[in-house]
Amino acid sequence: MTELAESYDPTTLEAKWREEWADSELYRYDDDETTDTDTQYVIDTPPPYPTGDFHIGNALGWCYMDFAARYHRLQGENVSFPQGWDCHGLPTEVKVEENQGIRRTDVSREEFRELCIEHTEGQIDAMKETMQRLGFSQDWEQEFQTMDPDYWAKTQRSFVEMAEKGYVHRDEHPVNWCPRCETAIADAEVENVDSQGTLATVRFSGIDNDDLEIATTRPELLAACVGMAVDPDDERYADRIGDSFEVPLFGQEVELIADEAVDGEFGTGAVMICTFGDKQDVDWWAEYDLDLRPVVTEDGRLDESVAEFGGLDLDEAKAEITTALQKEGYLEDEEPIEQSVGACWRCDTPIEILSKEQWFVRVDQDEILSKAKEIEWVPEHMYGRLEEWTEGMDWDWVISRQRVFATPIPAWSCDDCGHWHIATLDDLPAKPTEDDPATECPECGASEWTGETDVMDTWMDSSISALHAAGWPEESFEPVQLREQGHDIIRTWAFYTILRTAALEDEKPWEEALINGMVLGTDGNKMSKSKDNSVAPIDVVEEQSADAFRQAIALGGQPGSDIQFQHKEVTSASRFLTKLWNITRFASDHLDAADEAEPSYTDTDRWIHSKCARIADDVAADMDEHRFDRALRTVREFVWHDLADDYLELVKGRLYEGTPEEQAAARQTLSTVLSASIRMLAPFSPFLAEETYRHLPGTSGSVHAAGWPELDAEDESVEARGERIAAVASAVRAWKSEAGMALNADLDRVEIYPDDGIDEFDTGDLRATVNAPIEVAAGEPDIEMVPVETDPDHSTIGPKFRDQAGAVVGALEDADPGDIAAQKREQGEIELDANGEVVVLDGDAVDVRHEQRAAGETVEVLDADGATVLVFP
RNA sequence: GGGCUCGUGGUCUAGUUGGUUAUGACGCGGCCUUUACAAGGCCGAGAUCGGUGGUUCGACUCCGCCCGAGCCCA
């Protein structure tokens, strides 16, 4: 094998492989229809929003996907790891307006779209660069952008098919409205933010009756007041239900109703009902068949029709109306109050509820939940998030947006009768603002159409990502294997994807949903630029390496939990990578020689080989359940402590001075185990794995096209012999170190006294390592060993003696350890007096710890896991 | 207010059918040039497992309550 460079230099090494991989077909998905679908592993990769910044939160999710993708490739599966971009949306529109110094209405729709596309492409390039630096293995042949006509034609198709199945309707209905973005938004896009408000107590004059005071935080909506409400159980108002009142300043007459939803503890216990202050108002308005008095405009002002205050924006209106109420004597009280208001999740502007004609997708809660239940959620409790959200849905999903840069809604209204015509599949992709359908109106026969200018919610684009990844609509749909995403978007992306896949294909979208947590900064808080605790992945890659960064992410915690990013984990990973580099370098000095001799394996060889087989199974099991943290920990532990500390040290003697047969055995074992270790590490640290793997003898091509290690395990007794050898070597090494001796210092001899029956094992490797003749002796060592302590095995004694166990252990502690040791040695069982009752327990249930006392000859006594080791220096 | 998740050495973390001396990392202190590696090795200090009550022969683990943190929802 060729020798590795003297030192590990991640920067050049990672750059080299990045370039080689980019030009290769290593990660290509085989889309041939003849390919066995049983060995497919398709990932529904999140299409991120092209902000231009691939941050550490993204990196967490992509690391998980890449670990899974690379692992499943090693398992011989045909992996599809596509990458899309969720291009449409308001933030890009705003950015383009800013950069170009224009309003979107200054240019044509088409021109504005073009500017958005151009801007988006630049953002994508920047994020792609970071992804590649991090070593992710997407198949770039499958890259897609939701703004491509190919893709948005699919979005339109999904809309048309859903309309045909009766999922789509166009109606006037109250919707959440962002007055800054000037568009309808869905429930999922409303976030509740806590704020400081003012609770005003306003007196309504009774008509032929006494006055009544209501409490409100929104006096600016008085003009929209259509009713008043109190709790039916509220005795203060028991005889007032049905009374009429006059709304202050605006004069309309409203009636007092009783409804249990009113909180009698809040304010005066009486509230006003407006169209619309909040969702509760919408419920009352519908239930009691109240008037509709819309007073808020799409840009967040009072409508011109509102007497005196028309045209004011809502904040001004609040101030002026409050002043007017005071002047007229209607304002009884004002006090500050903590309140939670709905806000647009993109711009934090408080939302309004306006009644508008919009396009809706029907939310079928039962259908969604039944599909969601079929999905395996990792971790399991994340299903609860989706369930809670789904059960709480009370409005259909409003999918129309009054924007430009998004997928057009393929529909037209008839100029004569107003009938809405939805495109047929043949019309797609359709640009309704430019082209008319070539049909007559089925209602009235007219042929003049006006295209819909509303566009779709961008979640309509991204919620078919699973379908797209599975080749829809060309190929028949089967759930894909994996969805990976953050828990913050369960109510949106996961929810909508399940809804859409159920509606279109009557299927769950994925077999498994792997949900990641958030990445916290070093101070334990969620990372944010304003808190100055954020870390850019690209900086870590430049300072240390992508390979180390990826390990740090894997070890941050088990998937699903929030992880705190720790530079020390990167440091520790770097050390491990250097260690592996040096192990490979050592191997490269020895694995060159052609082995013609028949290998003669020792217990040491059989042990590491067998242990490696078991480790490979354990790690595979962890990878199968996405326990990346445990998998990597296991690999690291094995490589560092078993392979490097123990095995390598034990076979050095043979490698340098053994017979051809002995050397052949050591070389082959080392080669096999190192190769297996590197393959197990490959999903986590693909760059170093690639470099080291290609230096091993007998390998060809990339480690990422290799197979998962398949080694034969030996039976336990074989492994136990090796463990014995390693434990003795380790004990002697530690003792030499402590005694201030050179580790290769000569010793007179070493005697081993096993007390667990493992007394036959090869001693050749051990002799070379500890640099002393080895004797394995039966019985007790010939020095004075004093039993000093008993050590009961609770897992044997507990179940056997149940409520007597405490007394038995107590008796054991009180007994003379020498007596226990003697009974154990002579009878194989131990008789005790436990609180006056004689009990007999098996000798194996008690260990006796010995201590060396005053020996004549100079000797050191070491404990090596079930064996006593005597060292004669 | 409801729901979910979580409290383990200075810091981060492992420990899902209850059972030896509670895992590892980083950091800290000490010792050591050993034919892969000082970017290393060895040793050490450091935790009443958030608190409290219960179930049990036995609780970091199961249950109740309390305290604290975070997330989601209202």
Open item on the list: Closest-nucleotide mapping onto RNA chain B: is K279(A) or S730(A) further toward the 5' terminus? I mean the 5' end.
Closed with: S730(A)
Task: Comparing Y656(A) and W640(A) on RNA chain B - which has the more 5′ nearest nucleotide - done: Y656(A)
Open item on the list: Say we look at U48(B) and U8(B): how far apart would their P atoms be, to the nearest angstrom?
Closed with: 11 Å
TODO: Using the C1' atom on both, measure G29(B) against U55(B) and round to a whole Å.
DONE: 44 Å
Which protein N or O atoms sit under 3.5 Å from an N or O of nucleotides 14-21 of chain B?
from   : atom 1 : to      : atom 2 : distance (Å)
G15(B) : OP1    : R627(A) : NH1    : 3.3
G15(B) : OP1    : R627(A) : NH2    : 3.0
G19(B) : N3     : H794(A) : O      : 3.4
U20(B) : O2     : D791(A) : OD2    : 3.3

Provide, to the nearest angstrom, the distance between the [atom1] atom belonging to [X] and the [atom2] atom belonging to [N].
X	N	atom1	atom2	answer
D589(A)	C37(B)	CG	C1'	12 Å
L643(A)	A36(B)	CG	C1'	11 Å
D283(A)	A74(B)	CG	P	13 Å
Y8(A)	G40(B)	OH	P	14 Å

Please confirm whether the shortest side-chain N or O distance from [X] to OP1 or OP2 of [N] is below 4.0 Å.
X	N	value
N192(A)	A74(B)	yes
K652(A)	A36(B)	yes
R575(A)	G27(B)	yes
W735(A)	C43(B)	no

- [ ] Report the relative orientation of the aromatic rings in F549(A) and F565(A); use parallel for angles under 30°, tilted for 30 to 60°, perpendicular for over 60°.
- [x] tilted
TODO: Find the runs of at least 3 consecutive base pairs, i with j, i+1 with j-1 and so on, that include RNA chain B, using Watson-Crick or G-U wobble geometry with both distances under 3.5 Å.
DONE: B:1-7 with B:67-73, B:10-12 with B:24-26, B:28-32 with B:40-44, B:50-54 with B:62-66
Task: Under 3.5 Å donor-acceptor pair, E388(A) side-chain atoms to G2(B) base atoms - done: yes
- [ ] Using the side-chain contact (heavy atoms from CB on, under 4.5 Å) rule, take L13(A) and W581(A) through it: C-alpha gap first, then chi angles, then the decisive distance, then the call.
- [x] CA-CA 12 Å; L13(A) 183 151; W581(A) 182 269; 3.5 Å; yes
Open item on the list: What contact category does H487(A) fall into here, base, sugar-phosphate, or nothing, at under 4.0 angstrom with non-hydrogen atoms?
Closed with: sugar-phosphate
